[in-house]
Amino acid sequence: MPAVVTRFAPSPTGYLHIGGARTALFSYLYARRHEGRYLLRIEDTDRERSTEDAVRAIFEGLDWLGLVSDAEPVFQTQRYDRYREVIDGMLEAGTAYHCYCSKEELEQMRAGQMARKEKPRYDGRWRPEPGKLLPERPAGVQPVVRFKNPVAGEVVVDDLIKGAIVFQNEELDDLIIARGDGNPTYNFCVVVDDMDMGITHVVRGDDHVNNTPRQINILKALGAEPPAYAHVPMILGADGVKLSKRHGAVSVIEYRALGFLPEALLNYLVRLGWSHGDQELFSRDEMIRMFDISRVQKAPARFDMEKAVWVNHQYLKSADPLHVAPELDWHLRRIGVDPAGGPALAAVVEAQRERCKTLVEMAEKSKFFYAELDGYNEKDAAKHLNAEGRALLAELAARLEALPQWNAPALQEAVHAFAEGKGLGLGKVAQPIRVAVAGMAISPPIDQTLFLLGRERTLARLAAAVARNNP
RNA sequence: GCUCCUAUCGUCUAGAGGCCUAGGACGGAGCCCUCUCAAGGCUUAAACCCGGGUUCGAAUCCCGGUAGGAGCGCCA
């Protein structure tokens, strides 16, 4: 049994949120760092909102990021028998009891308390106490089961990130652990699952801190040792407001479409709320080796797309081109370009990576290697494919055509010699070529561009540019 | 309203009482380099929420404000 077992426990009511991804990452890193296990649990007890599509989307996101579970994922809906068994045991032991309050009754209770400026809570009217007379059971009401929370004393959550947090038991009411239809509720399932799965460290969003003392109390009632907790703060949008759809990309999988490399997104995420001195870039091994959960920030952080893109660029620039190639392939096809028959993708990655911060950008700028030009950028053409430029291209084309070898050094030499012979700067020659072959004034160095594009395509495009009528 | 949490450049952060004239990174501005776009190099502007303590000394410790956030469901 490893000393550390963590879990990521999303509820499948939507896509994998970027904040959830970071929580999963921290959970994963903590487990790896301590040579423990990282597990996945799908919290699908909300039958109304949970969908199979969402389950798939979550797996897809986790897969893409490489945060896969060390064991088969646990689905809560498959554990109902177990939950019922535990509830029956608690009923028998007297740590839980039936409550016959109707929803309307509870709503009234809450409204009254709010009006009196009290914290809304269950008043314990069905809570059995020695010598207390319980109300008469109303007919036809399916009772819920409530946990009998201690009335006195305090619960200390020794949070790995936030430090000790103290709650008074008198602040806590008797929460429902089973609904009228007998189905268990979230706070209860979590407790039973964490116990059964042998979770030693619960790493989760800090929107759960207020649930923690109740969960600890239930665990204690069950005679189990509570795990350690680490509540990670949420991720905010650039405007400091909770991240939501109106901020653009919140779903992890959208970041793939935006042109991110998964390892780059992970790197950005790990630095959002955590740091190791001044280091910005971490390989996965470094993350695992250096991750220290006690150094996670206590305050929420804002998602900064500019910096995320910068990190992505760093990865694009240094990654193995062979590793990036399939991603570029994916993006090219996404914009309707079939890379078959063109230059090797890895070679294009190498030529383009410096000037492309995202794969979307790389695909856009590399399209011309694989597809026929769909016209020229007008401004660039007007500037460089004028009469003067076309005359230059006509002459140069002949020289290139006569080249015995079509490789970068030969092309470089030919273009240089041509410019020199004309008494022109290289720019005067390279720019018209660029616009002619790439359709725009942006491309890798001219020798590489022509080499990658190939002899046939280059000469055809030069000819087309020369034949172009003056606008 | 009640409970709990948080607070360093615009953003992510370093800072564990003297090493702070508060460091790094993104972004911004400027310069250099240059066949385009970039990349790279250099320079630069920019922050300790406020008020009290404790201390010889506080960004750091304590208290109080203020501001933000989370939770208060037969949701998770």
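Protein chains get the first letters and strands the later ones, always in sequence-line order, with residue 1 at the start of each.
Note on R110(A): a side-chain N or O is less than 4.0 Å away from OP1 or OP2 of G73(B). Side-chain nitrogen and oxygen atoms of S275(A) include at least one within less than 4.0 Å of the OP1 or OP2 phosphate oxygen of A14(B). Side-chain nitrogen and oxygen atoms of T13(A) include none within less than 4.0 Å of the OP1 or OP2 phosphate oxygen of A76(B). Contact between the side-chain N/O atoms of Q412(A) and the OP1/OP2 oxygens of C35(B) is not found at any separation under 4.0 Å.
A distance of 7.0 Å separates CZ of R137(A) from CH2 of W126(A), quoted to the nearest 0.5 Å.
G10(B) is paired with C26(B) under the criterion used here, namely a Watson-Crick or G-U wobble arrangement in which both key atom distances are under 3.5 Å. Under the Watson-Crick or G-U wobble criterion, with both distances below 3.5 Å, G1(B) is paired with C72(B).
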Short N/O separations, protein against nucleotides 67-71 of chain B, under 3.5 angstrom:
from, atom 1, to, atom 2, distance (Å)
G71(B), O4', N210(A), ND2, 3.4

Quick one: which protein N/O atoms are closer than 3.5 Å to N/O atoms of nucleotides 37-40 of chain B? Pair and distance per line, please.
from, atom 1, to, atom 2, distance (Å)
C37(B), O2, R355(A), NH1, 2.5
C37(B), N3, R355(A), NH1, 2.5
A38(B), O2', E354(A), O, 2.3
A38(B), O2', R355(A), N, 3.3
A38(B), N3, E354(A), OE1, 3.4
A39(B), OP1, K357(A), NZ, 3.2
A39(B), O3', K317(A), NZ, 2.8
G40(B), OP1, K317(A), NZ, 3.0

Restricting both atoms to N or O, compile the protein contacts to nucleotides 16-22 of chain B shorter than 3.5 Å, with distance only.
from, atom 1, to, atom 2, distance (Å)
A16(B), N6, R295(A), NH1, 3.3

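No donor-acceptor distance shorter than 3.5 angstrom exists from the side chain of S27(A) to the backbone of T23(A), with no hydrogens or angles considered. Checked by atom type and distance alone, the side chain of N377(A) never pairs as donor or acceptor with a backbone atom of A441(A) at under 3.5 Å. Remark: side-chain polar atoms of R390(A) are paired, donor with acceptor, to backbone N or O of L385(A) under 3.5 angstrom.
Scanning all heavy atoms of the two residues, the minimum distance from S443(A) to A438(A) falls at CB-CB, 4.3 Å.
For residues 417-431 of chain A, the salt bridge (Lys or Arg N to Asp or Glu O under 4.0 Å) pairs, not counting sequence neighbours, are E395(A)-K422(A). Applying the salt bridge (Lys or Arg N to Asp or Glu O under 4.0 Å) test to residues at least two apart or on different chains, none of the pairs has a partner in residues 9-25 of chain A.
In this structure, the side chains of R461(A) and L453(A) come closer than 4.5 Å at one or more pairs of heavy atoms.
For P445(A), the side-chain atoms get nearest to C35(B) when compared with the rest of A76(B), C35(B), U13(B). When distances run from any side-chain atom of P120(A) to the nucleotides C35(B), U11(B), G1(B), the shortest one goes to G1(B). Of the candidate nucleotides C12(B), C35(B), G73(B), C12(B) has the atom lying nearest to any side-chain atom of L272(A). In the set G73(B), U6(B), C12(B), C12(B) carries the atom at the smallest distance from any side-chain atom of A301(A).
For R302(A) against U11(B), no side-chain N or O and base N or O form a donor-acceptor pair under 3.5 Å. Judged by distance alone with a 3.5 Å cut-off, a donor-acceptor contact links the side chain of E280(A) to the base of G24(B).
For RNA chain B, the neighbouring residues in residues 161-168 of chain A, judged by any heavy atom under 4.0 Å, are K162(A), I165(A), V166(A), F167(A).
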